[in-house]
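Step one of this worksheet: look at the structure below.
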Amino acid sequence: MRSKKPSEAGEILQGTLDLLILRTLVTGPSHGHTIAQSIERTSENALGVEQGSLYPALHRLEDRGWLQAEWGVSENNRRAKFYRLTAKGRKELNAAAGRWRKMTHAIGLILGESFE
Amino acid sequence: MSFRRFTNRSGKDQDFAEEIDSHLAHERDANLALKLSPEDARRQAMLRFGNPRTLREKEWLYRSIPFIESVRRDLSFALRSLGKTPGFAAIAILVIAIGIGVNTAVFSVINAVLLKPLTYPDPQALVTLVNTSPRGNFPGASIPRFSLWQQQTGLFQQVAAYDFGGSGLNLTGGDHPQQVQGIHVSASYFQMFGAPFVAGRSFNAAEDTPNAGRFTVLSYGLWRNRYGGNSNVVGSTIQLDGQPYLVVGVVGPGFVTDTPADLWVPFQFDLNSHDMVTFFTAAARLKPGVTLQQAKVQLRVVADQFRKTFGADAMPPGGGFGVVSLQETMIGDTRSRLLVLLGAVAFVLLIACANVANLLLARAAARRREFATRAALGAGRGQIIRQLLVESLTLSLTGGLIGLGLGLTGVRLLLKVNPGDIPRIGEDGSGISIDFNVLLFTLGISLLTGIVFGLVPAITASRPDLAAAMNESNSRSGTGFRSGRLRSILVVAEMAFTVVLIVGAALLIRTFKNLESVDPGFAMHNVVSMSMSVSGDRFQTTAPVAQVIRGGTDRLLAIPGVLDAGVSNCLPMAGGFGMGFDVVGRPKGSSGGGAGFCSISAGYFTALKIPLLRGRLLTTRDDAAAPAVVVINKAMARQYWANGDPLTGQILIGAGAGPAFAEGPRQVIGIVGDTNDRGPDTDPSPMMYIPMAQMPDLETALNSRVAPLWWFVRSQVDPHTLVTPISDALREASAGLPVAHIRTMEELEAQNIARQRLNMLLLSVFGFAGLLMAAIGIYGVMSYSVQQRTQELGVRIALGAQASSLRNMVILQGMTLAIIGVVIGSGGALWLTRFLGSFLFGVKPLDPISFVATPLLLSLVALVAVWVPAMRATGVDPMVALRIE
């Protein structure tokens, strides 16, 4: 049982978590907990981040050189690992966002107006 | 995919753990802010996050490469499992190390001799110019030939002449004259070989013309040792045989020639000479794009042109010119020798593989339950095979690494003791080294052997009958038919391979013994030989040479302990010069290929105790003023005077060989015994001996240039003790000439049969190694079988079986395997020894002694190896055996 059950929109679409992480970090470095919160909050709780998949995603992005991680001190005065967008990551974000927009547009075209 | 993913796995895992802690702390903070109790805040945080351990494991897997991961696991398991049986591991590794070691050793020689290209630039284009004849190809060039070859600019970029061996020169001008190796070369020599110069330059064309003056190029070694590496030596003069030579250059250290040289001097040929004497070698660099075949075809035309110009005397019908790759020329017949050795070591490796496979099979049988358990717990066949292969590869790679060191050290030690007449291996085998080829070869056979001896036991072990293996209450109830039969097959194979090896070794041992017992035709004991170079200007005529010989001989005979002393321009067993001749009164050219030719002093025959058969020997009175005489050997008398008396005959030596050899007829005055000049495994060839004092002057001049004088001194005592007085006496007699190459005739003979000795030694070592391994193999199988059957044996004894019948039963089983192996092996050897034919002397490939003695020896060894476990079988205590569980 979860304390903050995400709303029915539920799970984040496969493959979009990377994009969301990258977008979240545009505003500046943050640590995992903040990233999760910020995704949920910004999506008005429409998207819940499965915490178990957030960290593997972060590490994968770091391995690819899109993020850079560094231990620091959080707003709560606790040790936390902060992730920062690299120049390479910014480029990827632009590309991925473009792809996403193209795709949603295309899907929108096919679905057309509401059926109801 | 980024490689970063796989690095620093445990560090990253630690980091992740901390990161998770940090996340949980932050979540707890957030929950506390929602006014949850601290206990609830913690609990909710944990619940929301899920299981950190699962997450970390997933991440760990994400950071691993599955194949490497499992191999790593298998490897650590293999190491642990082998570590538990160190005795087994040590024996297995040792056996593999021997097998791979001998292979690495032989391959490293093959690599150095056959595979490595020559060290000159673009070596494929270098060829030796040869004279072709129906009897084969012979290197050797005369000035007219060389001149004509040089004109073939469409074929060759350069043609170079150089003498083979050379006469040695005396480096004078210091306190101690020093004999150095000087090689005569044509001006094109250095350019053709692409020799680097560290100072100065090569000879130019003008310096290589007759009477151009005296010039020399120094080797790097001589320049460093004698002149301290001082570049100023270029442009200065050095003294050679008392004459000033202008140093024009110094070649670099990388320039290695087949006959090592200290310095070079130009030939200064008169290219218009019609002198037909063959006294040097010629090599050439093919023009780019010209193939060996094209060159051969074109040279046929050149040979016809030569015959037209100089007549059929100079070029017999059937003769011609040809080219052979320089590397081929240098390797000679070593290739087949090395390939036979490679075959022999392959057998050793096969025996080693069979041996280790056998050990592994026994081990796998003992671990049957372990594998059954693994299979029951879900291990697939592939996984079990992989695990066992990793084990066997661990063994083979470790063995290979040890074998690499063992093999290379071994081969270098061996070649230091006995270079065995192998070309291209450098001084004492120093040219043999580890390089990429050798490493690749050793790695390759290590992997291969690991798979070969590991696969069969692995496949056998991976097919466990689960129920039977797990339920088996008694681990001693037998090993099952399958692995028992496999092990027997392996033992039979080991025995068979060993028979082949030992038959080969026996044939070579007999060859060597036969060679050693051949009568060389001259005295070996207490005879010492040494060379004196008479290359200087004062020895351009015969009289001064004869004077030195007379004076030297007198002084030597005055030394207490010296019995006889003599001189020759050829060294017995080293081969001499060939020379055409005509018997007076017979048609010109009827003597065919000619005969060997030595000029000698009067004391030569007595010093070497070459027996007089008829007529008389030379004396000091056979000098320039006396009638011209010649002594011939028995082979010559037999060949040319089959129905006649040679002592009534006269011969004309050097017919058609050019003005240097023009002389009148010589009376045959004596017949002496044959000497084995071309090595003990060749029949003696016809020889003519003429007194040195009667040589034509021009011939002496040529002789002085191409060959040293060889002195032979026979003494009452060990000649080593007389070296100093002998050298002193000769120096006094020659006004300061040093002697070099001081060796007893026994040492020369050892050198002469060094290759057969090396062949024999190596094959004996291989054979012994094979024998040892085969004995271990059969012992292992039989004692294992006895151990497995303890219970059965106990029952038999309890039921009244006699000890002797039990013993015989075990012996019979073991010997059956041995005999089958011996029979198969003898069959194989019958077929394989044909490849040894050309290496044998005085013994046929199907030598009955070798083919009877070897199987007997092997059966005897097998009997000993089987006897021990058989005795153990009779000692089984029935009570212990039955209660053993």
Side-chain angles (χ1 to χ4, degrees), chain A residues 1-7 10-12 17-18 21 24 29-41 45 47-84 86 88-89 92, chain B residues 1-69 72:
Chain A
M1 213 190 284
R2 287 171 182 174
S3 61
K4 283 185 216 162
K5 196 160 171 62
S7 61
E11 310 294 315
I12 293 179
L17 182 58
D18 291 3
I21 292 172
T24 310
S30 22
H31 56 89
H33 193 254
T34 335
I35 295 172
Q37 271 191 330
S38 138
I39 290 177
E40 283 169 11
R41 216 171 290 144
N45 279 344
L47 298 174
V49 177
E50 174 98 50
Q51 300 195 340
S53 55
L54 174 67
Y55 285 98
L58 282 170
H59 297 157
R60 201 169 55 238
L61 296 178
E62 187 191 352
D63 287 338
R64 287 186 188 155
W66 297 343
L67 303 183
Q68 215 168 34
E70 210 173 23
W71 283 95
V73 179
S74 74
E75 64 286 354
N76 294 14
N77 222 8
R78 286 185 187 281
R79 232 168 84 79
K81 200 171 183 183
F82 283 79
Y83 293 87
R84 192 168 53 76
T86 62
K88 217 171 140 196
E92 170 63 20
Chain B
M1 190 201 291
S2 165
F3 186 69
R4 217 185 303 172
R5 162 178 170 185
F6 303 112
T7 57
N8 187 21
R9 200 155 40 144
S10 41
K12 280 179 184 162
D13 179 53
Q14 202 50 49
D15 200 63
F16 189 23
E18 283 173 40
E19 198 175 8
I20 292 171
D21 283 346
S22 157
H23 179 99
L24 291 173
H26 281 93
E27 182 78 13
R28 220 157 49 225
D29 289 349
N31 289 344
L32 283 173
L34 293 173
K35 305 281 183 238
L36 266 70
S37 71
E39 177 54 27
D40 270 0
R42 198 186 64 79
R43 219 175 71 85
Q44 293 294 350
M46 299 274 276
L47 278 176
R48 172 113 204 255
F49 190 82
N51 186 350
R53 190 158 288 276
T54 319
L55 214 53
R56 275 169 64 192
E57 265 172 27
K58 264 196 200 149
E59 178 110 343
W60 181 270
L61 278 183
Y62 154 75
R63 295 200 182 283
S64 65
I65 305 167
F67 176 72
I68 292 192
E69 190 60 11
R72 206 184 58 85

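In what follows, chains carry the letters A, B, and so on, assigned in the order in which the sequence lines appear, proteins first and then strands, with residues in each chain numbered from 1.
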Counting only non-hydrogen atoms closer than 4.5 Å, does B:Y62 touch chain A with its backbone (N, CA, C, O), its side chain (CB onward), both, or neither? side chain

Test item: side-chain donor near acceptor, A:Y55 and B:H23, under 3.5 Å: yes

Heavy-atom pairs under 4.5 Å with chain B are the metric here; pick the option from A:H59, A:E62, A:K81 that has the most. A:H59

Quick one: OG on A:S74 to CG on B:D29, what's the gap to the nearest 0.5 Å? 7.5 Å

Which residues in residues 13-22 of chain B have a heavy atom less than 4.5 Å from any heavy atom of chain A? B:D15, B:F16, B:E18, B:E19, B:S22

Could you tell me the separation between the CG atom of A:N76 and the CG atom of B:L32, rounded to the nearest 0.5 Å? 10.0 Å

So the salt bridge (Lys or Arg N to Asp or Glu O under 4.0 Å) pairs with at least one residue in residues 65-77 of chain A (sequence neighbours excluded) are none

Got more than 12 heavy atoms from elsewhere within 6.0 Å of CZ, A:R79? yes

So what's closer than 4.5 Å to chain A heavy atoms on B:K12: side chain, backbone, both or neither? side chain

Do B:H26 and A:T34 pass the side chain to side chain contact (heavy atoms under 4.5 Å, CB included) test, and can you show the C-alpha distance, the side-chain angles, and the key distance before you say yes or no? CA-CA 9 Å; B:H26 281 93; A:T34 335; over 6 Å; no

What distance separates A:H33 NE2 from B:E27 CD, expressed to the nearest 0.5 Å? 3.5 Å

